[in-house]
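Read the structure below first, then the notes.
Residue numbers start from 1 in every chain, and the chains themselves are labelled A, B, ... in the order their sequence lines are given, proteins ahead of strands. Just the heavy atoms: all of them, side chains too, but no hydrogens, waters or symmetry mates, feed the values below. If you're wondering where the values come from, they're calculated on a predicted model, not measured in any experiment.
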Amino acid sequence: MKAAVVTFPGSNADRDLAVSFRDAGFDVTMVWHKDAALPEGVDIVGIPGGFSFGDYLRCGAIAAQSPITRAVKEHADRGGYVLGVCNGFQVLTETGLLPGALLRNSGLKFICRTVGLKVETSASVFTEGYNAGDVIDIPIAHHDGNYFADAETLEQLKAEDRIAFTYTDNPNGSLGDIAGILSANRRVLGMMPHPERAADTGHGGTDGAALFRALAGGLTLA
Amino acid sequence: MQDPEITPELIASHGLKPDEYERILDIIGREPTFTELGIFSAMWNEHCSYKSSKKWLRTLPTTGPQVICGPGENAGVVDIGDNQAVVFKMESHNHPSYIEPYQGAATGVGGILRDVFTMGARPIAAMNSLSFGEVDHPKTKQLVHGVVEGVGGYGNSFGVPTVGGEVRFHPAYNGNCLVNAFAAGLADADKIFYSAASGVGMPVVYLGAKTGRDGVGGATMASAEFDDTIEEKRPTVQVGDPFTEKRLMEATLELMKTGAVISIQDMGAAGLTCSAVEMGDKGELGVRLDLEKVPCREEAMTAYEMMLSESQERMLMVLRPEKEAEARAVFDKWDLDFAIVGETIAEDRFLIMMNNETKADLPLSKLSSEAPEYDRPWVETPAAEPLADVPQIDPIDGLRALISSPNYAAKQWVYEQYDSTVMADSARGPGFGPGILRVHGTEKLLAFTSDVTPRYVKANPVEGGKQAVAEAYRNLTAVGATPLASTDNLNFGNPEKPEIMGQFVGAIQGIGAAVGALDMPIVSGNVSLYNETDGQGILPTPTIGAVGLIATGDDVIGSQVRDGHVALLVGETDGHLGQSALLAEVFNREDGDAPAVDLEAEKRNGDFIRNNRALITACTDLSDGGLALAAFELAEGSGVGVHLDDGNTPFLFGEDQARYLIACNFDQAEALMIAAGQAGVPITTVGRFTGDTVRFDGSEAPLEELSALYRGSFEATLG
């Protein structure tokens with residue numbers, strides 16, 4: 001299994017995401033934001049947390065215009081898998097690969113804490129390692145994680161079972177407690193919480209590891 | 001633009017005293033140019049020259065087999081085995097943070113991170129120690145919000161986990177808050193980079209962000225007292241850009257791998273001036289700079305402004321010329337400026353040219369070697385008056401008073417604004433005891449703590465200085481770590497007042513004795529003086545940052561107690577209430593002496609904890625609030641009640657030193673009693689962790705209610 005992790009100049013969780021992919025058995029290549037193409041044969045692209053271009057304006061807005069993001073979009077359009085975490089989720093909404101937007105937290109402050117996430121669907125390669133209804137503990141660390149979409153989009157997400165995770169105790173004002181959503185073909189996942197920060201025993205629990213394990217097993221079947 | 005004439009007023013406005021100006025005339029034998037005056041003022045202010053403190057700093061223990069590099073470089077370097085080193089330092093950004101809290105705090109974090117990666121280390125941990133005025137002072141809330149957001153805004157974007165710190169409130173900081181930022185990084189022990197230049201004719205390279213007019217004269221501002229003209233000083237505060245800093249860090253670490261770096265220095269206080277002089281001075285070389293080559297982001301900057309700008313996210317490097325293309329490519333990759341702005345020269349000269357016009361021509365080595373050094377008069381702090389009677393109180397009422405005070409309430413409102421989990425190596429985040437981080441890819445862990453009890457230092461500088469170190473030692477010990485070394489951030493008032501200088505001298509004596517006895521040499525640090533407003537000094541606040549090593553995750557002593565655990569108290573209890581938290585928070589009194597610190601007992605009891613860690617399920621040290629607060633915090637963190645048998649006020653709230661509270665099962669407790677007997681360590685059973693209430697003798701309250709008070713009070717007061 002081949003994973004590529006994108007590094008924007010302000011990414012700061014790129015290593016963490018790569019470690020989690022690697023620990024789950026992926027062969028991981030780091031790709032630079034100025035690269036125009038992904039390495040040959042990549043199954044999944046990880047877009048990591050951080051502050052891609054400082055994010056002084058809209059988070060992820062500049063990253064969405066990078067050469068590598070165009071390549072990621074083509075990869076997704078061909079049916080490739082993409083996982084965007086935190087800033088990665090923001091980039092995915094900015095590119096249009098996922099609907100909606102991530103606004104400033106309702107409390108207007110950065111929040112770093114471990115939160116309860118309810119797995120809303122196990123029907124995706126990202127979430128099939130969990131049972132729908134499971135509550136897992138995953139850290140969040142963001143200033144702009146307040147998910148918003150228009151009513152129609154929200155209905156569609158619900159109707160198509162595309163809400164992957166919701167917060168059990170909404171920390172940021174997200175519409176419908178949404179913490180992560182899937183694309184229509186269920187191959188692109190964007191989520192604000194950091195599963196890669198809860199993927200081994202020495203650090204912050206292991207509830208995130210099942211996501212990477214499921215990916216390592218699931219992509220072969222896809 | 002015409003340079004202004006050198007007048008006594010101009011000299012005074014540069015913070016130079018008449019005799020210091022005379023010294024300048026002696027050195028150069030003529031009147032300085034405006035730029036030269038600026039350079040002298042930058043090099044000779046208190047902040048950069050340590051002119052009042054040097055004599056005393058030299059007395060501190062700074063060496064040991066674990067020390068790779070002590071004070072004098074950008075940060076201290078300490079061996080952690082396997083050819084790895086931890087590189088760390090703590091530094092203040094007090095004055096800027098009071099003037100402009102967000103940017104002041106943010107650039108404080110930026111400065112300390114730069115100090116660490118300049119040495120070739122990737123930052124892995126940050127902490128901060130914050131002191132604010134009284135809670136209901138009109139300025140406090142705004143400062144707290146601004147500083148906390150600034151610390152978070154910079155560190156979160158940069159991507160370093162903030163894993164510990166302190167926040168305190170006291171009226172003495174009403175006009176002068178303290179922002180002390182700590183950072184630690186990891187490097188290969190044989191790949192540390194230093195600032196001493198070598199070789200004549202080597203290119204001097206400017207790296208990073210462009211130079212603007214921000215921060216011109218900042219270091220001089222930071223060396224002066226405040227008065228009501230403070231608003232005029234806002235332009236001397238720098239503006240931070242963590243995104244650029246992140247790129248500068250990545251580019252610098254990448255550059256170091258190419259072998260292009262002969263020496264490197266970050267541009268911090270007094271920017272281009274200090275960094276260039278430092279590299280030349282340490283390498284016994286001169287430096288020539290051609291300022292028209294300096295990347296600027298503002299039009300028509302003068303030589304004076306460029307030399308004194310404190311624009312952030314910049315470095316100066318002496319380059320191996322044959323590696324220029326490779327080095328430039330790294331900075332191009334990260335879209336940062338890379339400009340050759342000068343060269344090293346053989347003569348002892350600091351030659352500043354701009355468009356072929358000489359702006360400054362000074363003997364470089366004399367800028368440091370001839371800097372004034374003062375043996376300031378000082379008086380010993382008089383012995384504290386004996387403690388007046390302290391009435392017995394209901395112990396749960398006492399606990400309530402402590403945990404509802406922002407000084408001792410849980411600080412999650414603060415630390416949840418800091419990313420404490422980025423880099424995915426945080427084994428224990430902020431909130432209880434030291435932060436613990438895995439050394440990426442190894443079994444090892446590092447523990448980080450920052451400690452000082454300013455009211456002790458005020459009452460008794462020597463014992464208070466010792467106590468700051470002892471508390472750091474105990475915090476590290478309580479998680480099973482072996483303390484390695486310390487950094488000191490010494491915040492005091494005006495050193496020209498003999499009683500303030502006496503506090504400084506006393507604290508240094510105490511710190512020196514303690515770091516010597518506990519083998520925690522000072523490897524880096526920073527002095528911040530003139531923390532006064534309208535003649536009122538702060539509490540003397542010598543913050544100690546310390547780092548400890550834990551061999552494997554199995555050696556970490558936990559913090560989770562279980563129902564049925566025995567509560568064991570290690571160390572001698574006399575019930576010392578002088579200068580205690582209880583006295584301040586309940587009785588609004590600050591009298592009596594600080595608790596005495598018995599360094600032998602500290603060492604013995606600390607070794608006992610480490611040697612018996614396998615028998616200890618959870619542990620915490622005793623400090624502010626004594627046994628009562630320690631027992632509550634340990635219980636609260638695990639959601640289990642605690643019952644202590646003795647409700648006596650001095651027993652519960654006394655702040656005797658060298659003590660720990662342990663939670664373990666009955667068999668472990670028995671084994672610990674035997675081990676303590678053999679080691680000559682006082683140990684007693686003081687109660688049990690059980691149920692869902694906190695009961696101190698006959699007084700009791702539901703844990704849930706106290707927990708809500710503890711968790712909610714900070715936000716209720718300051719949020």
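Using a 4.5 Å cut-off between heavy atoms, B:E149 contacts chain A through its side chain alone, with no backbone atom that close. For A:S20, no part sits under 4.5 Å from any heavy atom of chain B, backbone or side chain. Contact annotation for A:T201: neither backbone nor side-chain heavy atoms come within less than 4.5 Å of a heavy atom of chain B. Residue contact with chain B, scored on non-hydrogen atoms closer than 4.5 Å, involves the side chain of A:Y56 exclusively. Using a 4.5 Å cut-off between heavy atoms, A:D200 contacts chain B through its side chain alone, with no backbone atom that close. With a 4.5 angstrom heavy-atom cutoff, B:Q417 touches chain A via backbone and side-chain atoms both. Using a 4.5 Å cut-off between heavy atoms, A:P139 contacts chain B through its side chain alone, with no backbone atom that close.
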Would you sort out whether A:V19 and B:H440 count as a side-chain contact (heavy atoms from CB on, under 4.5 Å), showing the intermediate values? CA-CA 11 Å; A:V19 166; B:H440 193 74; 4.0 Å; yes
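Using a 30° and 60° split on the angle between ring planes, B:W334 and A:W32 fall in the perpendicular class, above 60°.
Closest approach of A:C112 to B:S420, counting heavy atoms only: SG-N, 3.3 Å.
For B:D332 and A:K34, the salt-bridge test fails: no basic side-chain N is under 4.0 Å from an acidic carboxylate O.
Between the side chain of A:N12 and the backbone N or O of B:V160, no donor-acceptor pair lies under 3.5 Å.
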